[in-house]
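Just the heavy atoms: all of them, side chains too, but no hydrogens, waters or symmetry mates, feed the values below. Numbers restart at 1 for each chain; the letters A, B, ... are given by sequence-line order, proteins then strands.
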There are 2 protein chains.
Amino acid sequence: MQNEQPFQRLQVELERMIAKKGAGAKLPSEPALAKSLGVSRSTLREAMRTFEVQGLIRRRQGQGTFVVGKQKTFEGGLEVLESIETLSERIGLNVSMGEFDIKRFPVSEENRNLVPFPLKTTLIQIERTINTEERPIAYLVDILPVTILDEKDLQNGFDGSVLDWLLKRGDPVLSQSNTRIDSVEASSEIAHKLQIQRGAALLFFESDVYDTSNQIVTHSYSYFLPGYFDFHIVRQVAKKYFK
Amino acid sequence: MQNEQPFQRLQVELERMIAKKGAGAKLPSEPALAKSLGVSRSTLREAMRTFEVQGLIRRRQGQGTFVVGKQKTFEGGLEVLESIETLSERIGLNVSMGEFDIKRFPVSEENRNLVPFPLKTTLIQIERTINTEERPIAYLVDILPVTILDEKDLQNGFDGSVLDWLLKRGDPVLSQSNTRIDSVEASSEIAHKLQIQRGAALLFFESDVYDTSNQIVTHSYSYFLPGYFDFHIVRQVAKKYFK
DNA sequence: TACCATTAATTGTCTGACAATTAATGGTAT
DNA sequence: ATACCATTAATTGTCAGACAATTAATGGTA
């Protein structure tokens with residue numbers, strides 16, 4: 001076990017409690033809650049505050065604390081960094097790895113604008129398609145330094161997902177990614193790999209993944225056939241703290 | 001002034017302080033910080049905790065708290081609910097409203113699956129294109145009940161954005177939206193409005209906007225010409241609380 | 001009925017204390 | 001000199017208790 005601090009337990013118990021109550025429901029008073037959860041009021045308030053800034057509850061001095069009951073951000077939308085394989089599994093899509101190709105090349109003067117790694121870094125590029133029973137539905141390209149992952153690593157239980165593999169190894173510790181979203185028309189090369197017509201519309205993600213010390217780990221391009229994935233995102237009104 | 005509670009001020013001051021320090025920097029100890037910011041340690045810790053769950057800082061018992069220095073989520077990505085007009089302005093794109101059309105229709109048996117409003121609700125549908133100097137770059141459709149907004153409202157300072165207009169009116173109080181992201185090929189109708197070829201790839205958003213009591217306010221479709229907008233999103237590794 | 005002071009309930013903040021954890025320090029045996 | 005270990009200082013984690021500020025309800029009064 002890693003964390004048995006009261007706060008951690010509190011966080012999950014409180015979240016469950018909030019989820020169980022419907023929108024608008026009133027929570028017990030802080031002294032009462034603290035007692036029933038077996039923590040001090042200060043600790044309870046730290047947890048409450050985190051839920052408040054997330055907008056899950058609303059506290060009013062003199063009245064009490066109420067459940068706002070909005071959709072949680074971290075619940076399966078695009079806000080979570082997860083692999084296509086994991087995502088597919090979660091939504092019940094049965095996928096397998098299709099065509100698979102690995103290249104090795106250094107960062108040169110010609111391609112340095114295309115990849116966010118220093119000059120002369122040796123990179124490894126992993127291309128693959130994701131298939132359902134019937135057809136390929138995505139084409140993914142991951143680019144990362146060989147110092148992080150090389151060809152022989154790929155034999156140890158590699159199932160197609162670089163992200164999953166890195167998460168499993170736990171080194172480097174990944175923390176977040178920055179993903180650009182756009183729409184593109186399939187080039188003839190990609191059209192061939194996905195067995196579609198050249199010029200067909202594809203959903204396109206360009207993504208940089210960072211580790212906990214904010215170092216870039218991988219750069220990747222993803223092309224998705226429209227309609228097969230349910231990418232969605234919860235967006236918040238900018239004004240975070242209102243009363 | 002709305003909020004002069006110490007916590008609110010703390011939140012912004014602390015954020016500034018964290019932003020100023022580089023990644024890996026160590027913050028002063030809690031007692032010292034609390035004193036220098038003029039609040040109690042408890043209050044400081046509430047604020048710290050919110051930054052910790054956001055992953056901006058990392059605290060280690062016995063050592064101190066350190067700046068992680070990751071990109072803030074709320075800083076201009078897709079996580080913020082804002083209008084295309086506001087977004088365009090922020091990224092320095094000069095846009096104006098192009099073609100504009102309003103329809104009125106009730107929810108019937110035929111269309112009830114297309115809109116998330118109860119049967120027989122009278123809806124108003126606002127279509128418009130967004131233009132730069134040279135060309136149209138987006139086509140937007142908003143659908144909402146007339147009880148929320150009707151034709152005559154649209155004369156009071158309506159600049160094209162339903163979202164901005166509702167935010168300005170402040171009633172209902174908007175809180176968040178749920179947006180589905182996909183890629184589509186332009187229908188002949190939309191191709192005509194955007195002056196592109198039929199079948200060209202478009203970035204497509206389908207979005208529901210909710211108010212603070214979680215009632216749906218508007219349903220909208222947005223079609224964007226690829227390349228003109230920089231939609232991006234920061235994604236987090238699922239494991240929120242690590243140590 | 002309308003208005004107003006009182007009161008109970010609740011969140012907001014503060015103070016002071018102690019426990020738990022970590023890294024540094026310095027001593028001791030090899 | 002080196003390796004190991006106990007001690008200590010610094011820091012975060014948690015707790016208990018108190019009081020202030022705010023709100024809604026209560027009940028009295030004109």
Side-chain angles (χ1 to χ4, degrees), chain A residues 1-15 17-18 21 24-69 173 212-213 240-243, chain B residues 1-15 17-18 21 24-69 212 240-243:
Chain A
M1 214 67 61
Q2 199 164 205
N3 269 309
E4 275 308 313
Q5 298 272 12
F7 177 83
Q8 313 287 337
R9 183 179 55 79
L10 231 198
Q11 191 90 352
V12 313
E13 285 199 27
L14 247 189
E15 185 164 346
M17 172 173 291
I18 291 173
K21 303 219 173 205
K26 182 177 178 181
L27 293 181
S29 74
E30 292 183 354
L33 247 188
K35 192 175 177 188
S36 85
L37 292 170
V39 296
S40 75
R41 197 174 152 223
S42 314
T43 306
L44 174 71
R45 279 183 59 80
E46 285 188 27
M48 296 283 248
R49 188 70 87 174
T50 69
F51 288 118
E52 191 191 24
V53 301
Q54 286 176 67
L56 262 57
I57 59 174
R58 179 123 166 214
R59 300 194 282 178
R60 272 183 289 228
Q61 196 167 348
Q63 279 188 265
T65 304
F66 303 85
V67 178
V68 172
V173 181
T212 48
S213 56
K240 271 169 83 181
Y241 313 109
F242 50 86
K243 207 175 182 187
Chain B
M1 213 70 60
Q2 199 164 204
N3 268 310
E4 274 308 314
Q5 298 273 12
F7 178 83
Q8 313 287 337
R9 181 179 57 78
L10 231 197
Q11 190 89 351
V12 315
E13 285 199 27
L14 248 190
E15 186 164 346
M17 171 173 291
I18 291 173
K21 303 221 172 203
K26 183 178 177 180
L27 293 182
S29 74
E30 292 183 354
L33 247 188
K35 191 174 176 190
S36 85
L37 292 171
V39 295
S40 75
R41 198 175 150 221
S42 315
T43 306
L44 174 71
R45 280 183 59 79
E46 286 187 29
M48 295 282 247
R49 188 70 88 173
T50 69
F51 288 119
E52 190 191 24
V53 302
Q54 286 177 67
L56 263 56
I57 59 174
R58 179 124 166 214
R59 301 143 101 193
R60 271 182 290 228
Q61 196 167 349
Q63 281 188 264
T65 78
F66 302 84
V67 177
V68 172
T212 49
K240 271 169 83 181
Y241 313 110
F242 51 84
K243 203 173 183 187

Looking only at N and O atoms, is any donor in the side chain of [X] or the base of [N] less than 3.5 Å from an acceptor on the other one?
X: A:Arg60; N: C:dG12; answer: no
X: B:Arg49; N: D:dG13; answer: no
X: B:Gln61; N: C:dA20; answer: yes

Review point. Would you say B:Thr43 and B:Leu37 make side-chain contact, with heavy atoms under 4.5 Å?
Key: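 B:Thr43 does not reach B:Leu37 side chain to side chain.
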Review point. Would you say B:Leu10 and B:Glu46 make side-chain contact, with heavy atoms under 4.5 Å?
Key: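 Not touching, per the 4.5 Å side-chain cut-off.
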Output yes when at least one side-chain N/O atom of [X] is less than 4.0 Å from OP1 or OP2 of [N], else no.
X: A:Arg59; N: C:dG12; answer: yes
X: A:Thr65; N: C:dT11; answer: yes
X: B:Gln63; N: C:dT22; answer: no

Which atom names give the shortest non-hydrogen contact between [X] and [Y], and what distance separates them?
X: A:Ile18; Y: A:Ile57; value: CD1-CG2, 3.5 Å
X: A:Leu14; Y: A:Ala47; value: CD1-CB, 3.9 Å
X: B:Lys26; Y: B:Gln63; value: NZ-O, 3.1 Å

Rounded to the nearest Å, what distance is computed from the [atom1] atom of residue [X] to the [atom2] atom of nucleotide [N]?
X: B:Ile57; N: D:dT11; atom1: CD1; atom2: P; answer: 15 Å
X: A:Glu30; N: D:dG17; atom1: CD; atom2: C1'; answer: 15 Å
X: A:Leu33; N: C:dT11; atom1: CG; atom2: C1'; answer: 13 Å
X: B:Leu44; N: D:dT11; atom1: CG; atom2: P; answer: 14 Å
X: B:Phe66; N: D:dA10; atom1: CZ; atom2: C1'; answer: 11 Å
X: A:Gln8; N: D:dT14; atom1: CD; atom2: C1'; answer: 13 Å
X: A:Lys26; N: D:dA24; atom1: NZ; atom2: P; answer: 11 Å
X: A:Met48; N: C:dT13; atom1: CE; atom2: P; answer: 14 Å

Practice item. Tell me what B:Thr43 touches on the nucleic acid: a base, only sugar-phosphate, or nothing, going by heavy atoms under 4.0 Å. Key: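 B:Thr43: backbone/sugar contact only, no base atoms under 4.0 Å.
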Practice item. For A:Ser29, answer base if it contacts any base atom (sugar-phosphate contacts may also be present), sugar-phosphate if it contacts only those atoms, and nothing otherwise; contact means non-hydrogen atoms under 4.0 Å. Key: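 Contact class for A:Ser29: sugar-phosphate only.
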Review point. In terms of side-chain geometry, is the basic nitrogen of B:Arg49 or B:Glu52 positioned less than 4.0 Å from the acidic oxygen of its partner?
Key: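 Looking at B:Glu52 together with B:Arg49, the answer is yes, because their closest N to O distance falls below 4.0 Å.
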Check your understanding: More 5' along DNA chain D: A:Gly62 or B:Arg45, using each one's nearest nucleotide?
Key ->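 The 5'-side residue here is B:Arg45.
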With both distances under 3.5 angstrom, what nucleotide forms a Watson-Crick or G-U wobble pair with [N]?
N: D:dA3; value: C:dT28
N: D:dA30; value: C:dT1
N: C:dT22; value: D:dA9

Practice item. Go through D:dA18, C:dC14, C:dA17 for me and flag the one nearest to the A:Arg41 side chain. Key: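 Nearest nucleotide to the side chain: D:dA18.
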